[in-house]
Amino acid sequence: MLKGKTIAIIGAGNMAEAIVSGLLKRGIVNAGQICATDVDAQRLAHFRKTFKVHVSHDNKKSSTSSDIIVLAVKPQVINKVFDELDLSSGANQLIITVAAGVPIATIISGSHPKARVVRAMPNTPTVVLEGATALAGGPGVTAAQMKVARAMFEAMGQVVVVDESHLDAVTGLSGGGPAYVCLFIEALADGGVKMGLSRSQAQLLAAQTVLGAAKMVLETKAHPGALKDQVASPGGTTIAGLHRLEKGRLRGAVVSAVEAATLRCQELRQQSIVSRESSVPPHR
């Protein structure tokens with residue numbers, strides 16, 4: 001699907017590294033198809049040494065010669081990056097943006113009126129190729145272009161396609177989710193320590209338990225409640241623990257966390273839109 005396509009990765013940060021690493025490890029592309037750009041010479045040297053990809057300081061040259069352009073820059077510099085790119089090919093190029101909170105309309109406004117844009121919302125486990133990514137396609141994006149975007153992020157984990165209006169909820173769930181899960185792992189390990197296990201033993205058991213439970217949900221496709229019931233024997237230890245979690249309103253707290261994060265994301269997005277509308281350059 002990506003055979004022969006050239007890819008410009010604009011911004012050589014951690015997310016860009018996860019993308020490049022995933023594509024190469026899965027054999028989806030070869031190093032010669034990728035060019036990473038950045039203002040930081042050390043990051044470019046790292047990419048060249050680690051991945052053997054092309055590197056450049058010239059965003060314009062890299063974007064002109066690429067079939068796919070991945071915007072992996074911080075949202076606060078997106079307007080400056082627009083000025084450094086050549087996106088005059090419009091519909092002939094696919095733009096994939098992982099710039100957090102930057103709407104598709106903003107990317108189109110700053111690049112080309114016929115730009116084909118896919119917005120991606122990955123999470124931090126992409127760095128270990130176990131990410132959860134949501135994709136939203138902009139106006140005119142074809143099924144073939146969406147397949148290309150899916151193939152890129154499936155190299156780093158699981159992918160779902162949603163309407164752009166749902167990306168705030170994605171941020172609240174899978175975007176913040178790793179932090180919620182790490183908090184649970186820490187608490188689970190603390191429980192083990194309280195009951196006499198060493199810290200290293202408790203943390204390993206807690207983390208592996210969460211990993212194993214997640215794999216059971218994904219691979220069996222069973223409802224989590226059904227898998228929970230398999231462990232909770234009548235009058236046993238697990239149901240006693242579950243009862244205490246229910247008394248502590250674990251479910252309600254988690255739902256409220258996703259809701260709060262989603263609402264906060266909406267607030268920040270509205271603030272950023274107002275800020276960017278005053279500075280986005282016109283169509284070129």
Side-chain angles (χ1 to χ4, degrees), residues 2 5-87 93-102 106-107 110-111 115 117-135 148-149 151-157 159 171 174-176 178-179 182 272 276 279-281:
L2 292 174
K5 292 187 180 296
T6 51
I7 305 171
I9 310 286
I10 309 300
N14 292 333
M15 184 53 64
E17 185 164 353
I19 293 171
V20 172
S21 177
L23 290 174
L24 296 178
K25 283 183 178 179
R26 304 295 190 198
I28 293 175
V29 299
N30 61 58
Q33 294 174 248
I34 299 173
C35 180
T37 73
D38 204 280
V39 296
D40 188 334
Q42 289 186 334
R43 288 300 295 172
L44 293 183
H46 170 70
F47 269 62
R48 184 191 294 111
K49 180 179 179 180
T50 305
F51 303 115
K52 308 296 189 283
V53 298
H54 302 294
V55 298
S56 175
H57 291 290
D58 192 335
N59 287 336
K60 184 174 182 179
K61 182 178 179 181
S62 298
S63 60
T64 302
S65 59
S66 297
D67 302 304
I68 302 166
I69 299 167
V70 180
L71 300 178
V73 297
K74 296 183 183 301
Q76 56 265 35
V77 301
I78 194 73
N79 293 330
K80 181 176 183 295
V81 169
F82 285 146
D83 292 334
E84 299 172 350
L85 298 175
D86 183 352
L87 302 174
Q93 289 177 313
L94 175 62
I95 301 173
I96 299 175
T97 173
V98 295
V102 182
T106 299
I107 303 298
S111 55
V117 180
V118 173
R119 185 176 163 194
M121 181 65 65
N123 64 2
T124 53
T126 56
V127 299
V128 292
L129 307 185
E130 290 293 351
T133 300
L135 301 177
V148 167
M152 290 183 64
F153 287 93
E154 283 173 347
M156 297 172 284
V159 174
T171 300
S174 58
C182 285
S272 65
R276 290 190 191 99
S279 58
V280 171

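Quick caveat: nothing in here was measured; it's all calculated off a predicted structure.
In this structure the side chain of Val20 never reaches within 4.5 angstrom of the side chain of Thr50, judged on heavy atoms. Considering only heavy atoms from C-beta on, Val98 comes within 4.5 Å of Phe153 through its side chain. Side-chain contact between Met152 and Leu2 is present, with heavy atoms from C-beta onward closer than 4.5 Å. Ser56 has its side chain out of reach of Lys61: every pair of non-hydrogen atoms, C-beta onward, lies at least 4.5 Å apart.
Rounding to the nearest 0.5 Å places CD1 of Ile68 at 9.5 Å from CD1 of Ile34. Atom-to-atom distance recorded for Ile7:CD1 and Cys35:SG is 11.0 Å, nearest 0.5 angstrom. Here the CD1-CG distance, from Ile96 to Leu135, works out to 7.5 Å after rounding to the nearest 0.5 Å. In this structure, CD1 in Ile107 is found 7.5 Å from CD1 in Ile95, a value given to the nearest 0.5 Å. Taking CG from Leu85 and OG1 from Thr37, the interatomic distance works out to 7.5 Å, rounded to the nearest 0.5 Å. Note: Ile10 CD1 to Ile69 CD1 = 6.5 Å, rounded to the nearest 0.5 Å.
Without hydrogens or angle criteria, His54 side chain to Gln33 main chain gives no donor-acceptor distance under 3.5 Å. Formation of a donor-acceptor pair under 3.5 Å by the Thr6 side chain with backbone atoms of Asp67 is found in this model. Proximity of a side-chain donor or acceptor of Gln93 to a complementary backbone N or O of Ser66 within less than 3.5 Å is detected. At distances below 3.5 Å, not a single donor-acceptor pair connects side-chain atoms of Glu17 with backbone N or O atoms of Arg43.
The minimum heavy-atom distance linking Asn30 with Leu24 is given by the pair C-CD2, 3.7 Å. The nearest pair of heavy atoms linking Gly22 to Leu129 is CA-CD2, 3.6 Å. The minimum heavy-atom distance between Asp38 and Gly13, with the atom names listed, is OD2-N, 4.3 Å. The nearest pair of heavy atoms linking Ala8 to Ser62 is CB-O, 3.8 Å. Between Val118 and Ala149, the closest heavy-atom pair is CG1-CB, 4.0 Å. Here the closest heavy-atom approach between residue Ile19 and residue Met156 is recorded as CA-SD, 3.4 Å.
Every residue two or more places apart in sequence or in another chain was checked for a salt bridge (charged side-chain N to carboxylate O under 4.0 Å, His left out) with Glu130, and none qualifies. Judged as a salt bridge (charged side-chain N to carboxylate O under 4.0 Å, His left out), and not counting sequence neighbours, the contacts of Lys80 are Glu84. Every ring-ring contact (aromatic ring centres under 6.0 Å, His included) that Phe47 has, sequence neighbours left out, goes to Phe51.
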task = Applying side-chain contact (heavy atoms from CB on, under 4.5 Å), run through Met121 and Thr171 and close with a yes or a no.
result = CA-CA 7 Å; Met121 181 65 65; Thr171 300; 3.4 Å; yes

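Asn123 and Ser174 share no side-chain donor-acceptor pair at under 3.5 Å.
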